[in-house]
Amino acid sequence: MNATSDHLPELERYYDTAPRDGGARAEDFGPLTLFVQEGDGWPYYARPALGDGPAGGAEVSVSDVERVLARQRELKVPESLEWVAETTPSLEAAARAAGLSVHAHPLMVLDPSAVRLPAHPDVRLLGAADPLLRAAVTVPALAFAAPGTAVGEAGPAELAVAERDPASEGRRVRVAGMIASGRTALAAAVRDGVVLCSGQYIPVGDVAEVVGVGTLPAGRRQGLALGVTAALVANALARGARTVFLSAGDEDVARLYARLGFRPVGTALIADRPL
């Protein structure tokens, strides 16, 4: 078997388990499962039913997708589906036929034999009570609002404004609880008391997904995202992770992660309603 066929079933199990561990309930829609967050937390998405279940691995039709979208509208949550192209090839056409836009992201798994980069001097893990945690959970929103790797305008001043948004405190409280309970770890690049980049990983058993790595646009092209990701990888491995994976924003970002030893194993697809 090649690396792709080895890893994809394991990642499917992770994708099915992580929302449940994060407080979501699962609603059955035949070949699709809709995860619905109960209480505070990230809104989840629908994805293919796990292959071991009664409808797992089944073809997905346009009507299957439309039923899920109607339920998401009823719940007033984002109309969103996530899946792996190689695992559920029928879903892309069905999602497009239902009027969704589909975005592709390289799915990458860490090569355990890859040489690890040395620790970045500006990067450290933040604890649940760290005074910089609020800034750290705010940085990715500014980063993802200006996608890509080019240097942009948003910097410390924009971060200070964004931190005053009450939603920022809600994110801090949620992530602090996850850190305290061991359901996530967060690393940040801090310079002169300012968080310039941050990211997390979410462990499920011995599999960990690196998520939400973002750099303030004004702080890009300094190797901070690589430093943060390297710190997350080192911590995940130290805590017993056997498989560490991530979805890169695009091929340019994927080439950066390749420097850390991440290798492509498939394509993560996200479908949502076009703006």
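Because the structure is predicted, anything quoted here is derived from the model rather than measured.
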Shared hydrophobic cluster for L216 and L133 (ILVMFWY, side-chain gaps under 4.5 Å) = yes
Minimal heavy-atom distance between A128 and I179, with the atoms involved, is N-CG2, 3.7 Å
Side chain to side chain, L196 and D122, heavy atoms closer than 4.5 Å = no
Can you find a heavy atom in the side chain of P9 that is under 4.5 Å from one in the side chain of R13?
-> yes
Is there a donor-acceptor pair under 3.5 Å between the side chain of R116 and the backbone N or O of A114?
-> yes
Would you mind reporting whether L32 and W83 have side-chain heavy atoms less than 4.5 Å apart?
-> no
Verify, without hydrogens or angle tests, whether E209 (side chain) and V244 (backbone) share a donor-acceptor contact under 3.5 angstrom.
-> no
Between CD of E59 and CG of L91, what distance do you get to the nearest 0.5 Å?
-> 10.0 Å
Examine distances only and state if a side-chain atom of R220 and a backbone atom of A143 form a donor-acceptor pair shorter than 3.5 Å.
-> yes
Side-chain touch P217/E153, heavy atoms, less than 4.5 angstrom | no
Main-chain N/O of A188 paired to S198 side chain as donor or acceptor, under 3.5 Å = no
Taking C-beta and beyond as the side chain, do E86 and L8 meet within less than 4.5 Å on heavy atoms?
-> yes
For S168 and R164, indicate whether the former's side chain and the latter's backbone hold a donor-acceptor pair under 3.5 Å.
-> no
Does V151 share a hydrophobic cluster with V139, counting links as ILVMFWY side-chain heavy atoms below 4.5 Å and allowing steps through other members?
-> no
Mark yes or no for whether E163, through its side chain, and A160, through its backbone, hold a donor-acceptor pair below 3.5 Å.
-> no
So how far is it from L132 CG to L126 CG, rounded to the nearest 0.5 Å?
-> 6.5 Å
Does the gap between the ring centers of F35 and Y15 come in under 6.0 Å?
-> no
From R263 atom CZ to M108 atom CE, the distance as rounded to the nearest 0.5 Å | 7.5 Å
L117-L224 co-clustered via ILVMFWY side chain contacts under 4.5 Å = no
Please report the closest heavy-atom contact between L142 and L159, naming both atoms and the distance.
-> CD1-CA, 3.6 Å
Could you walk me through whether L110 and L237 pass the side-chain contact (heavy atoms from CB on, under 4.5 Å) test, one step at a time?
-> CA-CA 11 Å; L110 182 71; L237 295 175; 4.2 Å; yes
Verify the cluster assignment for F144 and L269: are they in a single hydrophobic cluster under the rule of side-chain heavy atoms below 4.5 Å apart?
-> no
Could you grab the distance from atom CG of D252 to atom OH of Y257, nearest 0.5 Å is fine?
-> 12.5 Å
Please name the pair of heavy atoms, one in T33 and one in A49, separated by the smallest distance, quoted to 0.1 Å.
-> OG1-CA, 3.6 Å
T229 (side chain) donor-acceptor with L226 (main chain) under 3.5 angstrom | no
Salt-bridged, E169 to R171, with N to O below 4.0 Å?
-> no
Kindly say whether A268 contributes a backbone atom to a donor-acceptor pair with the side chain of H105 at under 3.5 angstrom?
-> no
May I ask you to test the V84-T267 pair for a side-chain heavy-atom distance under 4.5 Å?
-> no
Look at R47 together with E82 and state whether they make a salt bridge at an N to O cut-off of under 4.0 Å.
-> no
Less than 4.0 Å between a side-chain N and a carboxylate O, is that true for E10 and R242?
-> yes
Does some side-chain heavy atom of V213 sit less than 4.5 Å from a side-chain heavy atom of L232?
-> yes
Can V211 be reached from L260 by stepping across I, L, V, M, F, W or Y side chains whose heavy atoms are under 4.5 Å apart?
-> no
What distance do T243 atom OG1 and L11 atom CG have between them, rounded to the nearest 0.5 Å?
-> 7.5 Å
May I ask you to check whether S61 and D64 show a side-chain donor-acceptor distance below 3.5 Å?
-> yes
From F262 CZ over to L107 CG, what is the distance, rounded to the nearest 0.5 angstrom?
-> 11.0 Å
Sub-4.5 Å side-chain heavy-atom contact between D130 and L125 | no
Residue pair F245 / V109: nearest heavy atoms and the distance that separates them | CB-CG2, 3.8 Å
Passes side-chain hydrogen bond (donor to acceptor under 3.5 Å, both in side chains), R273 versus Q72? Steps please.
-> CA-CA 11 Å; R273 186 66 68 187; Q72 289 176 319; over 6 Å; no
Go through the steps for E27 and R25 under the test salt bridge (Lys or Arg N to Asp or Glu O under 4.0 Å), then give the verdict.
-> CA-CA 7 Å; E27 297 189 2; R25 73 173 185 272; 2.9 Å; yes
Check the pair V102 / I270 against side-chain contact (heavy atoms from CB on, under 4.5 Å), numbers first and verdict last.
-> CA-CA 6 Å; V102 179; I270 298 174; over 6 Å; no
Taking atom types as modelled, is there a side-chain donor on Q200 or T184 under 3.5 Å from an acceptor on the other?
-> yes
Would you tell me whether R239 and Y201 have side-chain atoms, one donor and one acceptor, within less than 3.5 Å of each other?
-> yes
Carefully, step by step, assess L100 and L81 under the rule side-chain contact (heavy atoms from CB on, under 4.5 Å).
-> CA-CA 9 Å; L100 300 180; L81 295 93; 3.3 Å; yes
Do you know the tightest heavy-atom contact between A231 and V123?
-> CB-CG1, 3.7 Å
Could you go step by step and tell me if L50 and E12 meet the side-chain contact (heavy atoms from CB on, under 4.5 Å) rule?
-> CA-CA 7 Å; L50 191 63; E12 284 296 300; 4.1 Å; yes
Closest non-hydrogen atoms of A98 and L69, given as atom of the first, atom of the second and distance, are CB-CD1, 4.1 Å
